[in-house]
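Order of appearance sets the numbers: ligands from 1, and atoms from 1 within every ligand. It should be emphasised that the depicted structure is a prediction, and the values quoted were computed from it without experimental measurement.
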Amino acid sequence: MKRILITGGAGFIGSHLCERLLQEGNEVICLDNFFTGSKENIIHLLNNPFFELVRHDVTSPYYAEVEEIYNLACPASPIHYQYNPIKTIKTSVMGAINMLGLAKRVRATILQASTSEVYGDPQVHPQSESYWGHVNPIGIRSCYDEGKRCAETLFMDYHTQNNVAIKIVRIFNTYGPRMHPNDGRVVSNFIVQALQNKPITIYGDGSQTRSFQYVDDLVEGMIRMMQTSKDVVGPINIGNPGEFTILELAQKVLALTNSKSEIVHLPLPQDDPMQRRPDISKAKQQLNGWEPTCNLDTGLRKTIDYFQKIIL
Ligand code: NAD
Ligand code: UDP
């Protein structure tokens, strides 16, 4: 049994990670300020004596004797991270400094939930870890993209300068149960709109692409990354290479929900990346043959079942 700290543990991905690590017999401390996460996401874990919930903001230092830290605290949906951009970048940068300081002090291994956004609007396709990215440093997405890039720098510097055991994973668009219905991300938006027979809002002409990964595949990849030997530090892409246009996604959701919704087109937000697909050869090689096992149709069905229960 290990004692594991998960920052952002009451969020969408964090709650699945808490659940899985408890199932595997670990003790889990879930730290969250509930900005975008909620107690609802982890309410079913609260009776477990090996689970501890702490209301705390990662921009302030935190101390606990733990062996592993998964650093997920940070709003992930563009609507939420753009709501208070200064707070977003503080969360990424000061959160990383505080958690790396903790890892250094207690000699814990620390994993950073980085993002495909470090590649920006990529000019190399698919994106492999060696690509440095194409990021606007002063746009509306910069608080998130540059915050996450700076966090990666801090992780690497704590590793080389202080020998902290680090792991960096670059997560590509992930979806599944416990996404917030008003989260604003494309999968939850389309499913909620389709189930309510409201217009499906496609930003731009819908030709931009994303590669969607089901949350269980991500959690498996993150845990395998944490278990690698100390010399594997990453960054490693974790995503599903199946690539779809946003229009294709809308059509899939409409078909799977039998919805009467019509498609409407709204303006494309500034700096919205036009294409995104992970090269996952490094993950396959270094994470013991890891690869996604859930295709988009299966994952969407599971996610639709979840939203049907909570909104209808
Ligand atoms: P989420 O918004 O559901 O979860 C983020 C959690 O962090 C929430 O519970 C929120 O309350 C908490 N949080 C935010 N600021 C905090 C702070 N200052 N102190 C303490 N807690 C704070 O989003 P998610 O999709 O679960 O994302 C989790 C992590 O994975 C994020 O770091 C995100 O950047 C990363 N990620 C997610 C995706 C994706 O597609 N979901 C893709 C790439 C990276
Ligand atoms: N998008 C859309 N309609 C929506 C929400 C998002 O067309 O209601 C588009 C958005 O412009 C982007 C893609 O879907 O091109 C993915 O958006 P999301 O916010 O889920 O993630 P990110 O842009 O961070 O990858």
Side-chain angles (χ1 to χ4, degrees), residues 6-18 30-39 41-42 54-60 62 70-82 84 87-92 94-96 98-99 111-119 121 141 144-145 147-148 151 169-176 178-180 183-193 199-213 215 218-219 222 237-239 244-247 249-250 253 263-276 278:
I6 303 177
T7 76
F12 156 52
I13 296 170
S15 64
H16 288 273
L17 193 57
C18 288
C30 165
L31 184 153
D32 209 293
N33 72 349
F34 301 114
F35 174 48
T36 51
S38 74
K39 281 193 187 159
N41 285 342
I42 36 107
V54 180
R55 182 186 287 268
H56 182 84
D57 193 305
V58 290
T59 56
S60 300
Y62 175 76
Y70 288 84
N71 188 38
L72 275 68
C74 186
S77 125
I79 292 183
H80 289 132
Y81 70 65
Q82 287 165 22
N84 184 344
K87 176 71 191 199
T88 299
I89 198 159
K90 278 187 180 170
T91 294
S92 272
M94 294 165 71
N98 288 327
M99 290 306 131
L111 178 145
Q112 169 66 356
S114 190
T115 168
S116 52
E117 288 285 325
V118 302
Y119 302 122
D121 187 4
R141 297 174 84 100
Y144 183 75
D145 299 9
K148 289 283 186 178
V169 292
R170 292 183 177 155
I171 302 169
F172 283 65
N173 296 62
T174 303
Y175 69 97
R178 301 201 203 114
M179 292 184 93
H180 196 283
D183 178 271
R185 280 179 278 191
V186 69
V187 174
S188 44
N189 269 11
F190 285 3
I191 292 178
V192 171
Q193 290 162 347
I200 304 280
T201 54
I202 291 189
Y203 303 158
D205 63 6
S207 63
Q208 70 271 38
T209 68
R210 293 293 185 275
S211 300
F212 298 102
Q213 155 174 253
V215 64
L218 167 63
V219 166
M222 291 173 88
N237 289 338
I238 305 206
F244 299 86
T245 67
I246 295 306
L247 181 60
L249 176 72
V253 170
I263 287 178
V264 296
H265 290 269
L266 299 178
L268 188 68
Q270 187 200 326
D271 295 339
D272 199 292
M274 277 314 292
Q275 53 181 2
R276 188 179 285 157

For [atom], what is the nearest protein heavy atom, given as residue, atom name and distance?
atom: atom 12 (C) of ligand 1; value: Asp32 OD1, 3.3 Å
atom: atom 10 (C) of ligand 2; value: Asp272 OD2, 3.3 Å
atom: atom 21 (O) of ligand 2; value: Asn173 ND2, 3.5 Å
atom: atom 7 (O) of ligand 2; value: Tyr203 N, 2.8 Å
atom: atom 10 (C) of ligand 1; value: Thr36 OG1, 3.2 Å
atom: atom 19 (N) of ligand 1; value: Val58 N, 3.0 Å
atom: atom 24 (O) of ligand 2; value: Arg141 NH2, 2.9 Å
atom: atom 13 (C) of ligand 2; value: Ile246 CD1, 3.6 Å
atom: atom 28 (C) of ligand 1; value: Leu72 O, 3.7 Å
atom: atom 23 (O) of ligand 1; value: Ala76 CB, 3.5 Å

Which value, rounded to the nearest 0.5 Å, describes the distance between [X] atom [atom1] and [Y] atom [atom2]?
X: Lys87; Y: Phe35; atom1: NZ; atom2: CZ; value: 8.5 Å
X: Met179; Y: Thr36; atom1: CE; atom2: OG1; value: 11.0 Å
X: Asn189; Y: Tyr203; atom1: CG; atom2: OH; value: 5.0 Å
X: Asp57; Y: Thr91; atom1: CG; atom2: OG1; value: 6.0 Å
X: Ile246; Y: Ile200; atom1: CD1; atom2: CD1; value: 12.0 Å
X: Phe34; Y: Asn41; atom1: CZ; atom2: CG; value: 9.5 Å

Check [X] against [Y] and note the closest heavy-atom contact, atom names and distance.
X: Ala96; Y: Asn71; value: CA-ND2, 4.2 Å
X: Val215; Y: Gly176; value: CG1-CA, 4.3 Å
X: Thr88; Y: Tyr81; value: OG1-O, 2.8 Å
X: Val118; Y: Ser114; value: CG1-OG, 3.6 Å
X: Asp272; Y: Asp121; value: O-OD2, 4.3 Å
X: Ile238; Y: Val169; value: CD1-CG1, 3.7 Å

Nitrogen or oxygen of [X] less than 3.5 angstrom from that of ligand 2:
X: Arg185; value: no
X: Asn189; value: yes
X: Val186; value: yes
X: Tyr81; value: no

> In terms of ring plane angle, is the pair Tyr119 and Phe172 parallel, tilted or perpendicular, where the classes change at 30° and 60°?
Replying inline: tilted
>> Ring-plane angle category for Tyr175 and Phe212, please: parallel below 30°, perpendicular beyond 60°, tilted otherwise.
In response: perpendicular
When you compare ligand 1 with [X], is there at least one nitrogen or oxygen pair between them that comes in under 3.5 angstrom?
X: Tyr144; value: yes
X: Phe35; value: yes
X: Asp57; value: yes
X: Thr59; value: no
X: Phe12; value: yes

[atom]: which of [options] has the nearest heavy atom?
atom: atom 14 (C) of ligand 1; options: Cys74, Gly147, Ser116, Ser77; result: Cys74
atom: atom 13 (N) of ligand 1; options: Asn33, Leu31, Ile13; result: Asn33
atom: atom 42 (C) of ligand 1; options: Thr174, Ile171, Asp183; result: Ile171

Please identify which atoms of ligand 1 are closer than 4.0 Å to at least one heavy atom of [X].
X: Gly11; value: 3 (O), 4 (O), 8 (C), 9 (O)
X: Phe34; value: 11 (O)
X: Gly37; value: 8 (C), 9 (O), 10 (C), 11 (O)
X: Gly8; value: 6 (C), 7 (O), 9 (O), 12 (C)
X: Ala10; value: 9 (O)

As an exercise, identify every atom of ligand 2 less than 4.0 angstrom from a heavy atom of [X].
X: Gly184; result: 5 (C)
X: Gln208; result: 9 (C), 11 (O), 15 (O)
X: Pro78; result: 19 (O), 24 (O)
X: Glu117; result: 24 (O)
X: Thr201; result: 2 (C), 3 (N), 4 (C), 7 (O), 8 (O)
X: Ile202; result: 7 (O)

Quick check on [X] - does any of its heavy atoms sit under 4.0 Å from an atom of ligand 1?
X: Thr7; answer: no
X: His56; answer: yes
X: Ser114; answer: yes
X: Arg185; answer: yes

> Does Ala250 have a non-hydrogen atom less than 4.0 Å from ligand 2?
Replying inline: no
> Hey, is Met274 touching ligand 2 through its side chain, its backbone, both or neither, going by heavy atoms under 4.0 Å?
Replying inline: neither
> Side chains of Thr174 and Gln213: is there a donor and an acceptor less than 3.5 Å apart?
Replying inline: yes
> Between Glu117 and Arg141, is the closest basic N to carboxylate O distance under 4.0 Å?
Replying inline: yes
>> Given 3.5 Å as the limit, does a donor-acceptor pair link the side chain of Asn173 with the main chain of Arg210, or not?
In response: no
> Which bit of Asn173 gets closer than 4.0 Å to ligand 1, counting heavy atoms only: side chain, backbone, both or neither?
Replying inline: backbone
> Counting heavy atoms only, which part of Lys148 comes closer than 4.0 Å to ligand 1: side chain, backbone, both or neither?
Replying inline: side chain
